[in-house]
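Some notes on the structure that comes next.
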Number of protein chains: 4
Amino acid sequence: MTTPPNNRDEKTLYASEGAQNILLAAEKLFALQGFSSVSISSIAQTAGVSKANIFHHFENKEALYLAVLSNASCRMSALLAELDSGEGNASEQIARYTQQHLKNLFNQSNITKLILRQVQTENREDSPKVAHDVLGENFTRFVSILEKFQEKGELRQDIDPAMIATLLVGSNVFYFQIQSVLDRFPEMQFAENPENYSALLTDIVLNGILDKP
Amino acid sequence: MTTPPNNRDEKTLYASEGAQNILLAAEKLFALQGFSSVSISSIAQTAGVSKANIFHHFENKEALYLAVLSNASCRMSALLAELDSGEGNASEQIARYTQQHLKNLFNQSNITKLILRQVQTENREDSPKVAHDVLGENFTRFVSILEKFQEKGELRQDIDPAMIATLLVGSNVFYFQIQSVLDRFPEMQFAENPENYSALLTDIVLNGILDKP
Amino acid sequence: MTTPPNNRDEKTLYASEGAQNILLAAEKLFALQGFSSVSISSIAQTAGVSKANIFHHFENKEALYLAVLSNASCRMSALLAELDSGEGNASEQIARYTQQHLKNLFNQSNITKLILRQVQTENREDSPKVAHDVLGENFTRFVSILEKFQEKGELRQDIDPAMIATLLVGSNVFYFQIQSVLDRFPEMQFAENPENYSALLTDIVLNGILDKP
Amino acid sequence: MTTPPNNRDEKTLYASEGAQNILLAAEKLFALQGFSSVSISSIAQTAGVSKANIFHHFENKEALYLAVLSNASCRMSALLAELDSGEGNASEQIARYTQQHLKNLFNQSNITKLILRQVQTENREDSPKVAHDVLGENFTRFVSILEKFQEKGELRQDIDPAMIATLLVGSNVFYFQIQSVLDRFPEMQFAENPENYSALLTDIVLNGILDKP
DNA sequence: CATGAATGAGGTTTCATTCAT
DNA sequence: TATGAATGAAACCTCATTCAT
């Protein structure tokens with residue numbers, strides 16, 4: 001069994017080529033179809049290895065799923081960590097963050113789908129806390145940025161920064177989720193592309209929608 | 001086989017007690033676990049009938065799933081249709097709509113989960129257009145309300161009403177989705193309950209977050 | 001799943017023809033080859049049913065094994081119960097009992113092998129108490145017969161009747177066990193058949209082997 | 001591959017430490033669970049080596065089993081050969097032999113179990129003749145001792161010595177076999193320990209059980 | 001309307017074994 | 001000498017589905 005992420009530096013985790021192939025194939029299929037719909041056979045076929053080989057590297061299907069989830073989460077976490085708050089005033093930074101966030105969702109759509117599935121599925125006692133870790137870390141970071149702007153007086157004082165973050169992140173996630181059905185909704189094609197969408201989103205969140213002359 | 005929804009009026013559809021039990025059991029299980037994870041056996045057990053009996057009422061598993069989806073969608077549609085735009089100015093009506101919408105999501109959480117799953121699942125050629133119908137109808141109605149307000153000059157002219165609707169609906173949906181993991185996020189408990197959440201949400205969407213003296 | 005031996009009279013237990021076929025086939029194979037060497041496939045083939053059908057009647061392989069064991073034990077118990085102490089003095093009754101006992105072992109050789117295997121296998125905590133029941137019942141009955149003769153003064157007073165029973169039963173069982181390899185031992189063919197063997201056995205146990213003029 | 005037992009003197013057989021570990025682990029597991037229930041994996045784990053290493057030392061699973069059997073048989077044979085007929089009259093020698101025999105069974109319980117399993121298993125064409133060798137040698141030796149006493153007139157003339165040997169050995173083996181279930185039989189605890197048991201056994205075989213004043 | 005019996009296809013997992021290193 | 005990676009075959013078991021009753 002390929003040694004788990006304990007005793008080596010991160011780069012060599014699941015370093016064996018075979019295990020990596022399996023992880024990638026599984027990630028793709030799990031993201032697309034969910035846990036139960038994906039058979040070990042199909043993963044083996046996609047990865048170009050034998051069924052038995054999958055069980056050589058991972059104890060069972062669930063362990064493979066968790067490895068995929070954990071692996072994907074790490075990568076997503078890394079991406080989110082790079083969302084620099086950079087320079088500029090509140091409006092500029094928020095706009096940039098929101099835009100990059102949505103871009104990440106699309107760039108890593110497999111991971112995104114995987115995590116969304118996980119959140120959506122009734123979480124039992126023993127379900128992994130992966131979603132928590134990934135979403136939580138990033139969320140906290142974003143909130144702390146917003147807090148600074150609030151302290152500087154650039155944002156309204158009467159709003160919880162976490163609410164703002166939820167709204168921006170949530171709207172991005174929702175947009176990502178309905179992408180697959182979006183071409184059937186003529187009304188919803190106001191935002192021709194993700195960049196455009198997050199620009200519109202940021203505009204509203206920053207300024208509101210009321211007509212104030 | 002129970003006659004399908006064509007040749008009878010809606011009230012008597014699947015009127016037989018057995019079929020109703022099956023539909024309810026299936027709805028619950030499909031919402032919680034998705035299509036593939038749910039076996040006919042488990043549905044039979046939950047419904048308290050025999051496996052064979054399920055095939056007596058529904059042609060196959062997929063047909064049962066569609067029946068559940070269609071049944072659920074009808075109920076959700078009915079709920080959404082009751083969302084009265086009622087009286088009041090834009091702010092009031094938007095706030096009321098948003099709040100009732102979120103309440104509906106929670107009241108019919110099984111249906112909501114079912115539809116979200118459906119949207120999330122890679123839509124194959126033959127996948128049902130149920131999501132389209134339900135979401136679409138309601139969405140169009142909401143957009144048209146917003147358009148009227150825009151024409152009256154109560155809302156900014158430079159925003160597509162569909163964008164506003166997306167933002168409000170999307171934020172509600174996102175809040176619903178993260179409910180199951182929410183108790184593990186201390187930062188996100190700013191909104192102690194759904195009502196509170198949609199109030200905060202509406203406030204931001206209406207007024208923006210910038211500190212404008 | 002075929003209803004277990006609770007709510008019906010004994011005759012109809014596992015009455016469904018299919019389940020009976022499976023039980024018989026499994027008994028034969030388990031007795032000959034042991035638990036792990038026997039595949040569900042081979043049982044299915046022997047019974048003339050599909051693999052899946054076996055799991056329709058029995059929860060899993062182990063449950064089937066237990067059912068076989070329990071079923072066989074019952075039949076063996078019934079046989080042993082019929083070993084009448086009848087009439088005659090100690091010598092006659094003991095001789096008759098021993099002879100019939102050995103005959104039973106051979107007549108029901110499958111059951112005998114099954115139970116011997118069971119006893120031989122390291123018994124875990126949760127292992128069935130079947131052997132206990134079958135062997136125990138019969139053993140107790142035999143001992144009590146011997147006790148009566150002891151009270152009447154026909155047997156030596158200084159011997160525990162249980163020791164006598166053990167010796168007679170044990171020698172029978174041993175003879176049964178080595179049958180399969182017996183034809184390779186020229187020295188051991190003194191007893192051309194089971195009847196002869198138990199006659200010789202009884203003679204020794206009754207009279208000893210010392211040359212007392 | 002470790003050279004097989006042909007071209008070296010016995011002492012250096014499987015002398016490599018690795019092979020010895022494997023043999024010991026396999027002996028233990030085969031004795032406890034039988035051939036089919038034991039996987040190469042479990043043997044490797046118990047022996048603390050890799051699966052591949054087992055195939056490095058033994059051609060395949062069956063060859064390993066035979067090696068274990070042969071190895072164990074040799075040790076048991078040696079033990080039995082040491083059963084000195086020593087001095088004393090028939091009663092004394094028979095008593096001593098029986099007692100030491102039972103002690104051997106318990107001291108080498110793994111080997112005993114192994115051989116009993118082997119005897120119990122339907123002997124196919126290709127099954128090893130190990131049981132024959134071990135049991136046969138010892139048995140013949142015992143019988144010849146008894147024959148001498150018979151010639152001397154210490155034993156009854158009308159009994160085949162092989163029958164006596166069978167009775168003593170068989171009763172010992174039976175006692176060994178039921179040890180594992182014995183603590184659940186209150187009636188059978190007349191013999192608190194093996195020594196006691198063989199004493200009682202010898203007494204009966206020598207003198208019979210009838211009350212002859 | 002309802003069910004128990006039955007099954008073919010396919011699921012996950014285990015197994016003995018090989019091979020390059 | 002020793003092992004991790006790999007695999008074909010076969011194990012146990014589940015599933016959706018059919019049919020006679």
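Chain identifiers are assigned alphabetically (A, B, ...) following the order of the sequence lines, protein sequences preceding nucleic acid strands; residue numbering begins at 1 within each chain.
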*asked:* Over 60° means perpendicular and under 30° means parallel, so tell me whether F30(D) and Y65(D) are parallel, tilted or perpendicular.
replied: perpendicular

_Length of the line joining N21(A):CG and dA6(F):P, which is rounded to integer Å_ = 9 Å

*Out of curiosity, L66(B) CG to N71(B) CG, how far, rounded to the nearest 0.5 Å?*
12.0 Å

*By nearest nucleotide on DNA chain F, pick out whichever of V38(C) and S37(B) is the more 5' one.*
V38(C)

Protein-nucleotides 2-4 of chain F N/O pairs closer than 3.5 Å?
| from | atom 1 | to | atom 2 | distance (Å) |
| --- | --- | --- | --- | --- |
| dA2(F) | OP2 | H57(D) | NE2 | 3.2 |
| dT3(F) | OP2 | S50(D) | N | 3.1 |
| dT3(F) | OP2 | S50(D) | OG | 3.3 |

*To the nearest angstrom, how far is K61(C) atom NZ from dT13(E) atom P?*
18 Å

_For atom CZ of F55(D) and atom P of dT1(F), their distance in whole Å_ = 17 Å

_Separation between CG of N60(C) and CD1 of I40(C), rounded to the nearest 0.5 Å_ = 8.5 Å

_Length of the line joining N60(B):CG and dC15(F):C1', which is rounded to integer Å_ = 13 Å

*Could you state the CG-P distance from L29(C) to dC12(F), rounded to the nearest angstrom?*
12 Å

_Reading DNA chain E from 5' onward, which residue's closest nucleotide shows up sooner: S41(D) or I40(A)?_
I40(A)

*Should E27(B) and R75(B) count as an ion pair when the cut-off is N to O under 4.0 Å?*
yes

*Mind calculating the distance between CD (Q45(B)) and P (dG4(E)) to the nearest angstrom?*
13 Å

*asked:* Under a 3.5 Å cut-off for both contacts, is dC13(F) paired Watson-Crick or G-U wobble with anything, and if yes, with which nucleotide?
replied: dG10(E)

_Between C1' of dC15(E) and CD of E62(D), the distance in whole Å_ = 15 Å

*State, with a plain yes or no, whether a side-chain heavy atom of S39(B) is found less than 4.5 Å away from one of S42(B).*
yes

*asked:* Is the shortest side-chain heavy-atom distance between L64(A) and I43(A) below 4.5 Å?
replied: yes

*Provide, to the nearest angstrom, the distance between the CD1 atom belonging to I43(C) and the P atom belonging to dA11(F).*
11 Å

*Whom does dT7(F) pair with, Watson-Crick or G-U wobble, provided both distances fall under 3.5 Å?*
dA16(E)

*Assess whether side-chain hydrogen bond (donor to acceptor under 3.5 Å, both in side chains) is satisfied between S37(D) and S36(C), documenting all intermediate values.*
CA-CA 5 Å; S37(D) 308; S36(C) 332; 2.3 Å; yes

